[in-house]
Colleague: 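Just passing along the structure, written as structure tokens.
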Number of protein chains: 2
Amino acid sequence: MHFSKTTEYAIRVLSYLHRYSSTSHSVNVLHQELNLPYKYLTKMMTELVKKGLVTASRGREGGLSLAKNADEIHLCDILEAIGEPLESERCILGFEKCDASNPCALHDQWAPPKAMIEAMLTNTTLASLLHDKETKL
Amino acid sequence: MHFSKTTEYAIRVLSYLHRYSSTSHSVNVLHQELNLPYKYLTKMMTELVKKGLVTASRGREGGLSLAKNADEIHLCDILEAIGEPLESERCILGFEKCDASNPCALHDQWAPPKAMIEAMLTNTTLASLLHDKETKL
DNA sequence: TTATAATACTACTACAAAGTAGATAAATAC
DNA sequence: GTATTTATCTACTTTGTAGTAGTATTATAA
Ligand code: SF4
Ligand code: SF4
């Protein structure tokens with residue numbers, strides 16, 4: 001019951017880019033500040049650039065920064081960019097097509113948490129996260 | 001954001017054993033009825049036997065059945081037997097040790113769904129699942 | 001113009017989860 | 001006793017995610 005590592009990384013990186021959004025940051029900085037594997041990050045960030053969440057500029061003084069306002073980036077956008085399946089797409093017992101009229105045994109118990117997670121993912125923006133500088137990232 | 005395949009399989013199998021608990025069922029029957037890979041199931045069921053959730057008897061008329069009353073088997077027991085980490089053990093952004101006094105950026109948003117999932121896993125027993133025979137497993 | 005700091009690309013390795021195959025051991029119906 | 005039905009054991013293959021390595025490309029400061 002967890003996100004993929006890649007999703008975790010993406011959330012942490014984007015949070016960092018938002019928290020220190022006065023300037024852009026190189027992959028190397030993100031790698032050092034967040035303790036994430038450098039080469040893996042380069043791949044991931046290239047992907048986030050392609051998906052339009054991040055802008056990149058090369059050369060000296062280049063680096064990465066958010067491509068949109070932080071209040072326009074929802075958590076579900078991040079999951080989608082990464083390719084992490086959303087709750088609505090692949091549900092708890094692994095059945096593909098499922099709805100309340102053809103429920104699995106767990107449906108009644110799972111529906112409330114499921115709805116809560118979905119709401120949280122769709123309603124939460126980067127801007128609405130904790131931005132206390134003390135918060136770990 | 002999902003359970004491991006093995007956990008999904010375990011929940012489905014145990015639900016089946018409970019629903020049709022008047023007799024025991026061979027791995028072969030479970031394999032056919034639930035459309036799960038036979039060899040993989042044998043391994044998994046052996047594990048569930050070792051963990052004390054299921055009893056097995058060999059030979060003709062043998063098979064598998066629940067080792068406890070269905071109202072004594074909670075979902076979290078199943079996850080634990082499978083080795084799936086619970087919410088409390090590994091949290092949303094992958095930090096190991098985390099508490100409200102040293103939160104990650106997502107903590108405030110994640111806490112409610114997290115609590116709801118944990119409550120659901122600890123409170124839900126096999127007996128409390130939907131047992132309408134129409135429910136898919 | 002040139003050295004340098006950065007992203008982007010291609011290809012590989014490492015590991016764990018999922019799935020497969022074949023042989024062995026136990027219980028029981030006959 | 002024996003054949004058959006069942007679980008159990010050991011070992012392998014496949015697949016997907018995570019992580020690594022080296023090179024090419026781009027931009028800019030000097
Ligand atoms: S029936 Fe409900 S809980 Fe089960 S897989 Fe479908 S939506 Fe999810
Ligand atoms: S701070 Fe809260 S949400 Fe973040 S990892 Fe810890 S318990 Fe989970």
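Residue numbers begin at 1 in each chain, while the letters A, B, ... track the order of the sequences.
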Colleague: Classify Lys5(A) by what it touches in the nucleic acid, base, sugar-phosphate, or nothing, heavy-atom distance under 4.0 Å.
Modeller: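 Counting heavy atoms under 4.0 Å across all strands, the contact made by Lys5(A) is with sugar-phosphate only.
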
Colleague: Which atom pair, heavy atoms only, marks the closest approach of Met116(B) to Pro112(A)?
Modeller: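 For Met116(B) and Pro112(A), the tightest heavy-atom pair comes out as CE-CB, 3.5 Å.
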
Colleague: In terms of the angle between their ring planes, are Phe3(A) and Trp110(B) parallel, tilted or perpendicular, with boundaries placed at 30° and 60°?
Modeller: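 Aromatic pair Phe3(A)/Trp110(B) classed tilted.
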
Colleague: Could you check whether any side-chain N or O of Thr122(A) sits under 3.5 Å from a backbone N or O of Glu118(A), counting only pairs where one atom can act as donor and the other as acceptor?
Modeller: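 Yes; at least one donor-acceptor contact below 3.5 Å.
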
Colleague: As an exercise, state the distance from CG of Leu30(B) to CG of Asn35(B), rounded to the nearest 0.5 Å.
Modeller: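 Between Leu30(B) CG and Asn35(B) CG, I get 12.0 Å after rounding to 0.5 Å.
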
Colleague: Looking at dG19(D), dT8(D), dT5(D), which one has an atom nearest to any side-chain atom of Arg60(B)?
Modeller: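 When the side chain of Arg60(B) is considered, dT5(D) is the closest of dG19(D), dT8(D), dT5(D).
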
Colleague: For the side chain of Arg58(A) and the base of dT25(D), is some donor closer than 3.5 Å to an acceptor across the two?
Modeller: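 By the distance-only test, yes, there is a pair.
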
Colleague: Starting from C1' on dA3(D), measure out to CD on Glu61(B) and report it in whole angstrom.
Modeller: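 From Glu61(B) CD to dA3(D) C1': 15 Å.
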
Colleague: Taking side chain as C-beta onward, heavy atoms only, is Leu93(A) less than 4.5 Å from Leu137(B)?
Modeller: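 They are not in side-chain contact.
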
Colleague: Looking at residues 42-50 of chain B, who's got a heavy atom less than 4.0 Å off DNA chain C?
Modeller: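 Of all residues in residues 42-50 of chain B, the ones placing a heavy atom under 4.0 Å from DNA chain C are Lys43(B).
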
Colleague: Tell me, please, the opening and closing nucleotides of DNA chain C, 5' to 3', among those with an atom under 4.0 angstrom from a non-hydrogen atom of chain B.
Modeller: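 Reading along DNA chain C, I get dA18(C) to dA29(C).
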
Colleague: For Leu64(B) and for Thr7(A), find the nucleotide of DNA chain D with the closest heavy atom, then tell me which residue's nucleotide is more 5'.
Modeller: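 Counting from the 5' end, the first nearest nucleotide belongs to Leu64(B).
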
Colleague: Start with the C-alpha distance between Leu48(A) and Met45(A), add both sets of side-chain angles, then the distance that settles side chain to side chain contact (heavy atoms under 4.5 Å, CB included), and finish with yes or no.
Modeller: CA-CA 5 Å; Leu48(A) 291 180; Met45(A) 296 315 291; 4.1 Å; yes

Colleague: Against Thr7(B), only a single residue in Glu84(B), His2(B), Arg12(B) fulfils side-chain hydrogen bond (donor to acceptor under 3.5 Å, both in side chains); can you say which?
Modeller: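 Single side-chain hydrogen bond (donor to acceptor under 3.5 Å, both in side chains) partner of Thr7(B) among Glu84(B), His2(B), Arg12(B): Glu84(B).
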
Colleague: Of the candidate nucleotides dT8(D), dG19(D), dT23(D), which contains the atom at the shortest distance from the side chain of Tyr9(A)?
Modeller: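 Of the candidates, dG19(D) comes closest.
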
Colleague: Quick one: Tyr38(A) OH to dA18(D) C1', roughly how many Å, whole number?
Modeller: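 Whole-Å distance recorded here is 18 Å.
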
Colleague: Whole Å only: how far is the CZ atom of Phe3(A) from the P atom of dA18(D)?
Modeller: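 About 13 Å, once rounded to whole Å.
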
Colleague: Measure the distance from NE2 on His31(B) to C1' on dT6(D) and round it to the nearest whole Å.
Modeller: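 For the pair His31(B) NE2 and dT6(D) C1', the rounded distance is 15 Å.
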
Colleague: Side chain of His74(A), backbone of Thr125(A): donor and acceptor closer than 3.5 Å?
Modeller: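 Absent.
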
Colleague: Provide, to the nearest angstrom, the distance between the CD atom belonging to Glu8(A) and the C1' atom belonging to dA18(D).
Modeller: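 Taking CD of Glu8(A) and C1' of dA18(D), I get 12 Å after rounding.
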
Colleague: Side chains of Thr6(B) and Tyr40(B) only: does a donor on one sit below 3.5 Å from an acceptor on the other?
Modeller: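 Thr6(B) vs Tyr40(B): donor-acceptor pair found between side chains.
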
